[in-house]
Amino acid sequence: MFGKLSTRLLNICVCTFCKANRLEKAEAIIIDGIRLGVLPDVVTYNMLIDAYCQFVSFDAGYTILNRMREAGISPDVVTYNSLIAGATRNSLLSCSLDLLDEMLEMGIPPDVWSYNSLMHCLFQLGKPDEANRVFQDMICGDLTPCTATFNIMLNGLCKNRYTDNALRMFRGLQKHGFVPELVTYNILIKGLCKAGRLRTARWILKELGDSGHAPNAITYTTIMKCCFRNRKYKLGLEILSAMKRKGYTFDGFGYCTVIAAFVKIGRLKEATDYMEQMVTDGVQLDIVSYNTLINLYCKEGKLEAAYLLLDEMEKQGFECDKYTHTILIDGLCKAGNIKGARLHLEYMNKIGFDSNLEAYNCIVDRLGKDGKIDHAINVFESMEVKDSFTYSSMVHNLCKAKRLPSASKLLLSCLKSGVRILKSAQKAVVDGLRHSGCRREAKKIQSKIRMAKISH
DNA sequence: CTAGGGTTAG
């Protein structure tokens, strides 16, 4: 009896540290517990798995599975669900499916959450149809969807640009007596904000108020970010004040939103002010806040300060992620150190980052802007993966370098294959052709642009 | 213990 109670206490402590990404603390407490005769149970290991998957890597989480087996504890359905969720976060779909097989082999029947995680994974990988099929399977089978299932559906639909379907599903569920949770409202508000449908978002916000739920930090942050995106800075900052009054700025979310927004539009002084406020408020910095601040220093051209902060970050036990690397590479580019940027990119490859598209995009764009168009073309051609950003930037810079034939050729091939090109880049090609006397060519491109608009 | 908010490049 006493032993059971102690393990529950242990789990409460481990949970707190895991959620705060203090894994070494969590591990230390487990060791202390064992020394006092309080043994970790399946819940303890499940929490560790979730935390390692979230803050370190999927593999690190998976290693815990072996550790718990060695300790004589059998994994349960939550163990596998956490691992599936962990694989999901790392976009490892086949891994999620393998885990599902593995649990079946082990005689652990999947539950609602296994399917929830799988659905979530499919939505994240941009496969809404397959996610929907899992949902249908679930309804047809013995499993009853829970509120989280609906939240995952709504979120997935929104993230895959099916905002209308999400809204319709929400209304349908309400008709069937489904009582939305605060999370549900937050998901819908986020989706609507992202789709630029502010009026509907505000309407849902009003419904949230009428429902008896109080908006939380997540609701505020979402709305605030939406304000900034729509250049309503004053309103956004008012929301930040409201958050502060309610005591919701204990973490970096609100501050990072504000700082990043100001950095983006070049209002660095204000960004710095909010950075200082964040520090004064004693906000525990995590990887995202560090990234935000490093980005601020890079944009100010204070590379030294950026690298000092990077050191501090690593001393705190955080590892650079994709964002950190991209921010630094862009910082190096902006400072004119293309060679350093390329070296950093090589380093990224070496330490096993599978996707560094954003970093490549930074380099290509910066080379073009600096007038090194041939160099930019070289890097562009060496890229295995490209996106609309890459092409837009390249089209822009080719125009700038007066390489109009190449620019129009690239634009045309994008129009043909349905790659979205920034309007301003399209305009640059048409204007460029006109100014250099190729009016017929310009007309031709224009009509192709119009045709593409109709067919896509 | 598992879903929802914040960070990068035109």
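First the proteins, then the strands, lettered A, B, ... as listed; each starts at 1.
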(request) Write down the distance between NZ (A:Lys400) and P (B:dG10), rounded to a whole number of angstrom. (result) 13 Å
(request) Starting at atom CZ of A:Arg342, determine the distance to atom C1' of B:dA9, rounded to an integer number of angstrom. (result) 16 Å
(message) So that I know where these two stand, are A:Phe123 and A:Phe135 an aromatic pair - ring centroids less than 6.0 Å apart?
(response) no
(message) Students often get this wrong, so: under 4.0 angstrom with heavy atoms, is A:Leu422 touching a base, only sugar-phosphate, or nothing?
(response) base
(message) I need the CG-C1' distance between A:Leu332 and B:dA9, as an integer number of Å.
(response) 14 Å
(message) If I take atom CD1 in residue A:Ile265 and atom P in nucleotide B:dA9, what distance separates them, rounded to the nearest angstrom?
(response) 13 Å
(request) Would you give a per-nucleotide map of nucleotides 1-6 of chain B, 5' to 3', where B means the base has a protein non-hydrogen atom under 4.0 Å away, S means only the sugar-phosphate does, and - means neither? (result) BBBBBB
(message) So, applying side-chain contact (heavy atoms from CB on, under 4.5 Å) with A:Ile329, which one of A:Ile338, A:Leu345, A:Asn356, A:Leu343 is it?
(response) A:Leu345
(request) Could you tell me whether A:Lys423 contacts a base, only the sugar-phosphate backbone, or nothing, with contacts defined as non-hydrogen atoms closer than 4.0 Å? (result) nothing
(message) Determine whether the aromatic ring centres of residues A:Tyr307 and A:Tyr297 are separated by less than 6.0 angstrom.
(response) no
(message) Under 4.0 Å between a side-chain nitrogen and a carboxylate oxygen: does that hold for A:Lys339 and A:Glu346?
(response) no
(message) Could you check whether A:Asp137 pairs with A:Arg133 (Lys NZ or Arg NE/NH1/NH2 to Asp/Glu carboxylate O, under 4.0 Å)?
(response) no
(message) By the 4.0 Å heavy-atom rule, please label A:Lys264 as base, sugar-phosphate, or nothing.
(response) sugar-phosphate
(request) Quickly work out the A:Leu357 CG to B:dG10 P distance and round it to whole Å. (result) 13 Å
(request) Mind checking side-chain contact (heavy atoms from CB on, under 4.5 Å) for A:Arg161 and listing every partner two or more places apart, or none if nothing turns up? (result) none
(request) Would you kindly give the CZ-to-P distance between A:Arg229 and B:dT7, to the nearest whole Å? (result) 11 Å
(message) Between C1' on B:dT8 and CZ on A:Phe353, what's the gap in Å once rounded to a whole number?
(response) 12 Å
(request) Using the salt bridge (charged side-chain N to carboxylate O under 4.0 Å, His left out) rule, collect all pairs that involve residues 380-396 of chain A, keeping only residues at least two apart or in two chains. (result) none
(request) Figure out the CG/P separation between A:Asp365 and B:dA9, and round it to whole Å. (result) 10 Å
